[in-house]
Amino acid sequence: MKRIPADPDRSVLVRPAAAAAALVTVGAGLGLRAVAAGSVAKYGGDALYTVLLLTLVVLAAPRLTPLRAAATALAASWAVEFLQLTGLPADLSRHSTLARLVLGSTFNAPDLFWYAVGAAAGGLLLAALRPSRARDEPGGGRMAVAEEAGSA
């Protein structure tokens, strides 16, 4: 008997979906800014920032579990927020619109909570969209045993 992977590399399908999700997330963020103001736009944008990072994590590493992908996106969001305590992002933001969009400029503690909201929402959505290997296949989806052609 020959052992073959039960789960072909899904990155071929996951990466285009993650790229599309990133574009949708950017659109949602721009749309939110266009129709909302104040705290809704600010904190909704924070949550969407982490959702965008989650889509980029999945794009780069499609085999990560939803929990690990969400945790990575949350860690990156928090790292950027804490970097703002140094003043470096504020300095870069004065010279570059892209730096202002990616790094922000001023530390704001409530942002940390809204990043967690975005990571949780994105991680739950990712988990709901991904088929469970353990649920769908015997043996937890690790490997399947298949008979070679011609053997009984």
Side-chain angles (χ1 to χ4, degrees), residues 4-137 139-144:
I4 60 169
D7 185 15
D9 185 5
R10 291 188 180 164
S11 63
V12 173
L13 301 173
V14 172
R15 284 192 167 117
L23 292 174
V24 168
T25 304
V26 168
L30 294 173
L32 182 63
R33 288 283 186 176
V35 300
S39 295
V40 172
K42 163 88 174 97
Y43 296 123
D46 288 345
L48 287 170
Y49 177 83
T50 302
V51 172
L52 176 61
L53 289 181
L54 175 59
T55 65
L56 297 176
V57 167
V58 172
L59 186 64
R63 290 182 166 204
L64 283 180
T65 65
L67 179 61
R68 287 189 179 174
T72 302
L74 180 59
S77 297
W78 282 356
V80 168
E81 190 68 27
F82 284 116
L83 181 66
Q84 292 171 357
L85 290 169
T86 69
L88 179 63
D91 186 45
L92 294 172
S93 293
R94 283 192 289 275
H95 304 291
S96 167
T97 301
L98 181 61
R100 187 173 65 249
L101 291 171
V102 173
L103 300 176
S105 60
T106 308
F107 178 81
N108 184 28
D111 290 351
L112 300 171
F113 170 76
W114 290 103
Y115 294 144
V117 169
L124 288 171
L125 181 60
L126 181 59
L129 293 175
R130 281 195 175 168
S132 171
R133 292 181 199 172
R135 182 179 64 225
D136 295 344
E137 300 172 13
R142 300 274 182 226
M143 296 294 281

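Keep in mind the model is a prediction, meaning the values are calculated, not measured.
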- [ ] Kindly indicate, with the supporting measurements, whether the criterion side-chain hydrogen bond (donor to acceptor under 3.5 Å, both in side chains) is fulfilled by Thr55 and Thr25.
- [x] CA-CA 9 Å; Thr55 65; Thr25 304; 5.0 Å; no

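- Looking at heavy atoms from C-beta onward, Asp111 lies in side-chain contact with Lys42 at the 4.5 angstrom threshold.
- In this structure, CG on Leu74 lies 10.5 Å from OH on Tyr115, to the nearest 0.5 angstrom.
- Smallest separation of non-hydrogen atoms from Tyr49 and Leu101: CE1-O, 4.2 Å.
- The shortest distance between side-chain heavy atoms of Tyr43 and Asn108 falls below 4.5 Å.
- What you find for Gly123 and Pro66 is that their closest heavy atoms are O-CB, 3.7 Å.
- Looking at every heavy atom in both residues, Pro89 comes nearest to Leu83 through CD-O, 3.4 Å.
- Listed for the Ser96 side chain is no donor-acceptor partner under 3.5 Å among the backbone atoms of Leu92.
- Side-chain contact check for Leu112 versus Phe82: some heavy-atom pair is nearer than 4.5 Å.
- Here OG1 of Thr50 is found 9.0 Å from CG of Leu54. Values are rounded to the nearest 0.5 Å.
- Within the model, atoms OG of Ser93 and CG of Leu88 stand 9.0 Å from one another, a figure rounded to the nearest 0.5 Å.
- Here the CG atom belonging to Leu48 is positioned 11.0 Å from the CG atom belonging to Leu53, to the nearest 0.5 angstrom.
- Note that CG of Leu64 is 7.5 Å distant from CZ of Arg130, once rounded to the nearest 0.5 Å.
- The two atoms that bring Val51 and Gly118 nearest to each other are CG2-O, 3.4 Å, heavy atoms only.
- Taking every heavy atom of both residues into account, Ala41 and Ala36 meet most closely at CB-O, 3.7 Å.
- Interatomic distance, OG of Ser77 versus CH2 of Trp114, reported as 14.5 Å (0.5 Å rounding).
- With hydrogens and angles ignored, the 3.5 Å screen pairs a side-chain donor or acceptor of Gln84 with a backbone N or O of Leu103.
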